[in-house]
Amino acid sequence: MRIPRATYRIQFNSAFGFEDAQKIASYLAHLGISDLYASPIFKARAGSTHGYDVVDPSQLNPELGPPDAFESLVQELQSHQMGWLQDIVPNHMAYDSENQYLMDVLENGPSSDYVEYFDIAWNAPFANSEDRILAPLLGDFYGRCLENGQIQLDYDETGLSVNYYSLKLPLKLESYAQFLTQNLGQLARTLGRHNPDFVKLLGILYLVKSVPSEVTGKQRQDQIAFVKGLLWELYTSNEEVKAFIEQNIQTFNGEAGNSESFNLLDSLLSDQFFRLSFWKVGAEEINYRRFFTVNELISVKVEELKVFNNTHNLIFKLVESGKFTGLRIDHIDGLYNPIQYLERLREKTGDTYITVEKILEAGEDLPSNWPIEGTSGYDYLNYVNGIFCRVDNEQRFDEIYTKLTRTRVSYGELVNQNKRLILEKNLAGDIENLTYLLKNISSKYRYGNDFTINGLKRALAEVLTIFPIYRTYITQEGLPERDRGYITEVIDRAKERVPLLQNELNFIEKLLLLEYDDSLTQAEREYWLYFVMRLQQYTGPLMAKGVEDTTLYVYNRLLSLNEVGGDPSHFGLSLDAFHEFNHKRQTDWPYAMSATATHDTKRGEDVRARLNVLSEIPDEWEQQVSTWSQINRSQKVRRQREIMPDENDEYFFYQTVVGAFPFQDGEFEQFVGRVKDYVIKGVREAKVHTAWLRPDAAYENAFAQFVESVLQPGGDNPFLKELRPFQERVAYYGMFNSLSQTLLKLASPGIPDIYQGTEFWELSLVDPDNRRPVDFEQRQACLDDLKQKIANNIPELITELLETKEDGRIKLFLTFQGLQARAKHSNLFQDGDYLPLQVTGKLQDHIIAFARRQGNETAIAIAPRFLTNVIQPGEYPLTQQVWEDTAIELPQGAPTSWHNAITAQSLQAEGRILVGEALRHFPVALLFG
């Protein structure tokens, strides 16, 4: 297996395609990257900015460039001995007109060859339905869109379609009869009933009305193509027929202001296999599975072997040809049977490197039987971030948060409240579907016959709400022991919360634990298992929406902890926890990825690095926020008894500004616009004053105006006068946090992943802000300059970088030096043991140190933290004068001669290394002995 040495994540889109990536391949290689890590590159909906809305997995995205551009990129990478790690999306596709599989289903209904491709009500094993598939894609109520003329009938060579802006859905062939009989008598009088073309049209009408219901698959496709071809031939060859069809189009499309004129189109649409509706309807009446709560992403039944093979065929070809050397699986928890999927994938791809996007809660382990190399690194991100938060200041931050925002609800309570909110609003239709499955099962047994829909729904909602992890992995093979523990714990807690539903909860527990009655038939056992495996697909979306996309925007005690896969109720982590995580990782998943920024993160890695500084200075932080609130009070808007923005959102804003304020003055104007966009997204996600489902324009406008007013540039702005000195101080210490974090990622067990552009300071906010273009020409020029200066005079270069650290080159320098060292000692970093090192002396709590050892080769990483009471702004955490007696105890048998790969400095050490010696020239050290 090719194990990456270091990956670099690229966000492909129409503005950055294959040719653009080819131009930076040499830069990445020279930086020390071994593998390009690509966002999805398969055909996505037009204009996609991220690639996760795939419409055709069997072809590359033409917006990224032609096939020869892809081939050229592969050749360029291979010329540098670089691999390609590809992000793939097995769980869902775009609900879009370009998705020809889905359009075939909507046109042909249950007769479609592709009906098994999508997770829809028609193909549910035990609760299938003939209801029309919902198309909740309208921006307003269906009736309004119809009578405003926004929904329009159209005709072209592909046949009749209904159009709503860029959406184009095909009409089923049988419904052409409604359309073709309109004004038919008038055409007969114009052409004459014996006219050959009129006779042909009657023949088409007969064929349309006589489509046998048993005709499916290829036979139906041939018949449809035949009828459509005849009609198009008439349309293009006979002006009277063309005028007839166009007149009918006009008639069906009605006249705005005349509601009766839309009756024909309304009747035609009611006869389709799909039902157009307001997008909000999807929350309550959904009859297909979505990605989380996104109507525009319809889930794929990849558990069907035919679907798996067809949707992965191109992936397998690219793996087999050596163009893809690794795969990253998006949203593994959305799949019906993840272990089955991974085993099939492994069988098809052999010894290809495979990682999964998997959110692990505290104390949760990745299933040991998965045939993969580990996660894509969100777990590492939260561990390395946590050790820069001052744990012993948690109580002070609780006091500050309560005092300044009057927020008294605990994080755990907020999580439960928000998960319940998501169930009641955004996932209401999904839990309704699960409840009906449960009711169908319970009604077959005398002990469950009296359970009501309402009681089962309440019990099920309680279980889902308090479920502590993303999902369990119960299959036909049985129940993993660790999942048994989660289930029994959840049921016990649920019984405490809703004691009147004991019987319903006992029944749900019985199902989840697969405690089959002996009398059950095989079919009944399969029904139980189907319900359990189905339920497992919804605990993840509920966790994601209730926690990541709601609570993390409400609970604002310290925003650096509000990250994907994180738990902000834990105010940082101990060094012991970090070492234990790394040790376990090296033992169990040594080739998992280590991320500090991704396309999913809530804020950039250096925003978090800055905000962690606040954990060191609670008293000063409290005073600053109080002062800012007093200054900005007049910029708020009053609405009856409500102040906009409220204290909690204002507190969110201040942390955002301190964390993301740009180093360069020229970026300030753009920064203000970015923050305005960010706070609107933030308050909508929080769902307290406004939400995507129910936007409150007054609150949003008031918050946006507040941001613009308090960030108004100019010397007479009192807020900026008060903000800047404090913000600059935090940013100063934040840079050292970032350098330490960078070194730890490069030296820890796992494969370091660098998100695009983060080799410079990374001060972005949540997507789409973190997908802004990266200036690679600047980075290439800086790297070339750094390499030349490294070759000539490293001490002089380091002095220069420290003096100009705000430009980010110092982080690029560290990244380059660390990656070069990793390349030189690749076996040591991939397979070497992990040894936590004891630190002694006055400032022992301010140093993170560990060793990597393999054979007679040893590397030691040394990174400082909590520097606000070690150095003053303008000073550096360097030399013996700063670190005094602080020293690192060396492991037994350690060498006495050491070489610093960052500074090229040599030092001697007997039994211990003085931190002041190791950090004589640079704020972090990577020593080899």
Self-check item: Main-chain N/O of Gly429 paired with Asn433 side-chain donor or acceptor, under 3.5 Å
Solution: yes
_Modelled atom types, side-chain donor and acceptor of Tyr165 and Gln150, under 3.5 Å_ = yes
Centroid-centroid under 6.0 Å between Tyr101 and Tyr117 rings
yes
Any chance you could lay out the salt bridge (Lys or Arg N to Asp or Glu O under 4.0 Å) test for Lys323 and Glu71, step after step, and finish with the verdict?
CA-CA 9 Å; Lys323 292 167 185 173; Glu71 296 294 337; 2.9 Å; yes
**Asked** Between Tyr591 and Tyr353, does the ring centre distance come in under 6.0 Å?
**Response** no
**Request:** Please assess Glu563 against Tyr378 for the test side chain to side chain donor-acceptor pair (under 3.5 Å), listing each intermediate value before the final yes or no.
**Result:** CA-CA 9 Å; Glu563 244 338 318; Tyr378 298 11; over 6 Å; no
>> Quick one about Asp35 and Thr7 (side-chain donor to acceptor, distance below 3.5 Å, no hydrogens or angles considered), yes or no?
In response: no
Does the side chain of Ser764 come under 3.5 Å of the side chain of Asp769 through a donor N or O and an acceptor N or O? no
> Are Thr158 and Asp156 close enough, and set up right, to give a side chain to side chain donor-acceptor pair (under 3.5 Å), and what steps lead you there?
Replying inline: CA-CA 5 Å; Thr158 63; Asp156 59 22; 2.4 Å; yes
**Prompt:** Got a sec: does the CD of Gln778 have more than 12 other heavy atoms crowding it under 6.0 Å?
**Reply:** yes
- Item | Residues, nucleotides or ligands: over 12 heavy atoms within 6.0 Å of Glu343 CD | yes
query: Do His331 and Phe292 make the cut of ring centroids closer than 6.0 angstrom?
result: yes
Any chance the side chains of Tyr37 and Asp87 put a donor and an acceptor closer than 3.5 Å? no
Minimal heavy-atom distance between Val707 and Val672, with the atoms involved, is CG1-O, 4.3 Å
Is the ring centre of Phe652 less than 6.0 Å from the ring centre of Tyr678? yes
**Message:** Before you tell me yes or no, could you show the steps for Asp606 and Arg608 under salt bridge (Lys or Arg N to Asp or Glu O under 4.0 Å), namely the whole-Å CA-CA distance, both residues' side-chain angles and the distance that decides it to 0.1 Å?
**Reply:** CA-CA 5 Å; Asp606 296 323; Arg608 290 194 305 275; over 6 Å; no
Can you list the steps and then say if Asn99 with Ser97 is a side chain to side chain donor-acceptor pair (under 3.5 Å)? CA-CA 5 Å; Asn99 184 342; Ser97 308; over 6 Å; no
Exercise for the section: Apply side chain to side chain donor-acceptor pair (under 3.5 Å) to the pair Asn13 and Thr49, showing each step before the final yes or no. Expected result: CA-CA 5 Å; Asn13 54 60; Thr49 59; over 6 Å; no
Practice task
State whether the side chain of Asp53 and the backbone N or O of Ala94 hold a donor-acceptor pair below 3.5 Å, judged by distance alone.
Solution key: no
Do Ile315 and Gln86 have side chains that approach each other closer than 4.5 Å (heavy atoms only, starting at C-beta)?
no
Taking the six-membered ring for Trp, are the ring centroids of Tyr288 and Tyr95 within less than 6.0 Å of each other? yes
Sub-6.0 Å ring centroid separation between Tyr755 and His599: no
For Leu138 and Cys145 the tightest heavy-atom approach is CB-SG, 4.1 Å
### Task
Quick one: do Phe18 and Phe12 satisfy ring pair (Phe, Tyr, Trp, His ring centres under 6.0 Å)? Show the steps, please.
CA-CA 8 Å; Phe18 298 136; Phe12 280 106; 5.7 Å; yes
Contacts of Asp68 meeting salt bridge (Lys or Arg N to Asp or Glu O under 4.0 Å) (sequence neighbours excluded), chain-then-number -> none
Check the surroundings of atom CD in Glu667: do more than 12 heavy atoms from other residues, nucleotides or ligands lie under 6.0 Å from it? yes
Distance-only polar pair, side chains of Ser161 and Asp154, donor-acceptor under 3.5 Å: no
**Q.** Near-ring test His80/Tyr27, centroid separation under 6.0 angstrom
**A.** no
Within 6.0 angstrom of Lys681 NZ, more than 12 heavy atoms from elsewhere: yes
Query - Backbone N/O of His312 and side chain of Lys348: donor-acceptor pair under 3.5 Å - result: no
Tightest non-hydrogen contact, residues Lys358 and Ile332, listed as CB-CG2, 4.2 Å
query = Quick one: do the Tyr114 and Gln100 side chains pair a donor with an acceptor below 3.5 Å?
reply = no
Testing the 3.5 Å rule here: is there a donor-acceptor pair between the side chains of Glu700 and Thr690? yes
Is NZ or CZ of Arg779 both nearer than 6.0 Å to the six-membered ring centre of Phe760 and within 45° of the ring axis?
yes
Heavy-atom closest pair (Gly47 atom, Glu63 atom, distance to 0.1 Å) is N-OE2, 2.9 Å
Test side chain to side chain contact (heavy atoms under 4.5 Å, CB included) applied to Phe308 and Tyr341, step by step
CA-CA 8 Å; Phe308 171 81; Tyr341 172 80; 3.6 Å; yes
### Query
Between Asn91 and Arg289, is any side-chain donor less than 3.5 angstrom from a side-chain acceptor?
yes
Nearest heavy-atom approach of Thr352 to Gly326 is CG2-CA, 3.6 Å
Test Lys301 against Ile120 for side chain to side chain contact (heavy atoms under 4.5 Å, CB included), laying out the working first. CA-CA 9 Å; Lys301 293 192 71 175; Ile120 54 181; over 6 Å; no
Partner of Ile754 under side-chain contact (heavy atoms from CB on, under 4.5 Å), picked from Arg9, Glu605, Glu762, Lys745, is Lys745
For a 4.5 angstrom cut-off between non-hydrogen side-chain atoms, does Arg603 reach Asn562? yes
**OP:** Test salt bridge (Lys or Arg N to Asp or Glu O under 4.0 Å) on Lys228 and Glu107 and set out the steps.
**Re:** CA-CA 13 Å; Lys228 286 183 177 180; Glu107 181 176 6; 2.6 Å; yes
Verify whether one side chain among Asp56 and Ser58 offers a donor that lies under 3.5 Å from an acceptor in the other.
yes
- [ ] Given salt bridge (Lys or Arg N to Asp or Glu O under 4.0 Å), test Asp119 with Arg534 step by step and report yes or no.
- [x] CA-CA 11 Å; Asp119 204 340; Arg534 192 68 167 168; 2.7 Å; yes
Correct closest heavy-atom pair for Gly374 and Ala592 would be CA-CB, 3.9 Å
Is it true that Phe70 and Trp84 have ring centroids separated by less than 6.0 Å? yes
Salt bridge (Lys or Arg N to Asp or Glu O under 4.0 Å) pairs touching residues 38-51, sequence neighbours excluded, are Arg45-Asp96
